[in-house]
There are 2 protein chains.
Amino acid sequence: MKHISRFSHLGELSDKDYFRIALSVDCVIFGFEDGELKVLVIKCNIKEYKGKWSLLGDLVRPDEDLDSASYRILKERTGLDDVYLEQVHTFGKVNRHPAGRVITTTYFSLVNIKDYQLKLNDNELHWHPVNDIKEMAFDHFEILTTCLERLREIVEDHPVVFNLLPRKFSLRELQSLYEAILNIKLDRRNFRKKFFMMDWLIDLNEYEEDVPHRPGKLYKFNQAKFGKKAKKVS
Amino acid sequence: MKHISRFSHLGELSDKDYFRIALSVDCVIFGFEDGELKVLVIKCNIKEYKGKWSLLGDLVRPDEDLDSASYRILKERTGLDDVYLEQVHTFGKVNRHPAGRVITTTYFSLVNIKDYQLKLNDNELHWHPVNDIKEMAFDHFEILTTCLERLREIVEDHPVVFNLLPRKFSLRELQSLYEAILNIKLDRRNFRKKFFMMDWLIDLNEYEEDVPHRPGKLYKFNQAKFGKKAKKVS
DNA sequence: TCAAAAGTGTTTCCTATACACCCATGA
DNA sequence: TCATGGGTGTATAGGAAACACTTTTGA
């Protein structure tokens, strides 16, 4: 390995002292089911945090771009690609991982739970209601909180939540999703007005079926208005 | 080093293949001078990018928190501590650094150029107008662009720009700063109204001196309204 | 007396919010 | 016929933006 002369004023430590950090990616994968915002978690199997939930993560390979690592992890764990994925924050406290110096970059993603069969591997992969989680392994609860805050900021302006819904959805489902994410109640009339005004929805002229009340109209997301912007890492 | 069993399903590579990544921090330090937004840069001395500007950065030490590293770099290069510093994004393309696998986490900071004597070391440290920069060493131009975008988002809602001004400033200086950051012209009357309404300013009942026109009133930032929030890494 | 910037109000428009009733469907 | 949610409109308030003239000071 060549000497990194850009950093050469640090004479005291040699390169091999620095190239001893591992970088991981942790994905906070949100889903929506039964009117609740959920997050994909897995039982932790290291002894320090035995039995606690942890996020889906993996080490970044030496020959792998950081962004690519996040896509790989999502693909490996859920079978999904071409979904919304966004980098949120990098956590780097010295002792955040008991096995050594591991710095982690976190991404969040939004997927429609029902559309895909999760690859339930050897480990206990599980959709857990976000609001029920009070602690996790490592610093993952802090990571979850940070990503949830970011999600709440982003949904105010950006049409990303459609990734959480089936292709066809009713306005009730959409509003229920916003209420789950923001953890507030919204006025139905104003909600509808706002969405029609923003022109994010395409009326499918179809109706819900198998609901025990008057069926609502179904809509799909007006993807054409946004192109690929809402689908790729920024 | 203990085996990281959390990642043990990756059988093909051993721990020592992963713990070979270096992590750096790059700081985008903004200043304001002569009505222009400037950024602190340094001449690059590695052969691949000889003579190009680069950001202030350094490798994260193995026993140093990521956030601490950003404070250390700022302190070493500018003598400043207790300034606004915020993590923006982590860049991790495989070949972004010619000397090896170096992933960098970027922070931006806002400092008042005039208040401090920069520690001009052996290298050519320099305040450069942001708008004049078209290319930089490494991926630093992309980093700069990303941080500038973040700055523009943040100043819309958060009172952070006061770090760029002297303690006492006129409304003209404040407006000129906003115009420099956002790269737009603002209406003076609406600008004044907005700031008085937000209650971010304290009227010092003092006036500018040595200006070749009618002196304006001086104000200071109403720090009490925000406590430490605007001063620390979030 | 001139140049340059300080200081000041009003109107308009748009958006956000609050709020209540009838309608269609399935059970 | 009843329960459940679907669907609709209006009034109000507050913030954003557009816009022009007088005043003060230094040169």
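Per chain, numbering begins at 1; letters A, B, ... match sequence-line order.
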Problem - Identified ring pair (Phe, Tyr, Trp, His ring centres under 6.0 Å) counterpart of B:Y219 within the set B:Y207, B:F196, B:W200 - result: B:F196
Exercise for the section: Tell me whether the centres of the aromatic rings in B:H128 and B:W53 are closer together than 6.0 Å. Expected result: yes
Fill in the blank from the handout: A:R192 CZ to D:dG5 C1', in whole Å, measures 10 Å
Problem - B:D210 CG to C:dA4 C1', straight-line distance once rounded to whole Å - result: 16 Å
Fill in the blank from the handout: With B for base contact, S for sugar-phosphate-only contact and - for none (protein heavy atoms under 4.0 Å), nucleotides 11-16 of chain D reads ------
Exercise for the section: Would you please say whether a donor-acceptor pair under 3.5 Å links the side chains of B:T104 and B:D26? Expected result: yes
Shorter than 3.5 Å, N or O on both sides, protein versus nucleotides 22-27 of chain C: list them out with atom names.
residue: C:dC23; atom: O2; partner: A:R214; partner atom: NH1; Å: 3.0
residue: C:dA24; atom: O4'; partner: A:R214; partner atom: NE; Å: 3.4
residue: C:dA24; atom: O4'; partner: A:R214; partner atom: NH1; Å: 3.2

Handout entry: A:E206 and A:K217 ion-paired at < 4.0 Å
Key = no
Completion exercise
When rounded to whole Å, the CZ to P distance for the pair B:F196 and C:dG9 reads 12 Å
Handout entry: Electrostatic pair A:R214-A:E208, nearest N-O below 4.0 angstrom
Key = no
Handout entry: Validation row: B:Y49, B:S54 side chains within 4.5 angstrom (heavy atoms)
Key = no
Problem - 4.5 Å side-chain heavy-atom contact, A:F169 and A:F162 - result: yes
Practice task
Please answer whether the main-chain N or O of B:K114 pairs with a side-chain N or O of B:N112 as donor and acceptor at a distance below 3.5 Å.
Solution key: yes
Practice task
Please report, rounded to the nearest Å, how far the P atom of D:dT8 is from the CZ atom of A:R172.
Solution key: 15 Å
Problem - Charged N-O contact under 4.0 Å between A:D58 and A:R72 - result: yes
Completion exercise
In numerical order, the residues of residues 180-191 of chain A whose heavy atoms come under 4.0 Å of DNA chain C are A:D187, A:R189, A:N190
Handout entry: Whole angstrom value for the distance that separates P of D:dG6 from CD of A:E206
Key = 17 Å
Completion exercise
A:L174 atom CG is separated from D:dG6 atom P, nearest whole Å, by 12 Å
Handout entry: Side-chain ion pair, A:D139 and A:K93, N-O less than 4.0 Å
Key = no
Practice task
Give the rounded distance in Å between these two atoms: CD of B:Q175 and P of C:dA5.
Solution key: 12 Å
Handout entry: Aromatic contact, B:F138 with B:F91 (centres under 6.0 Å)
Key = no
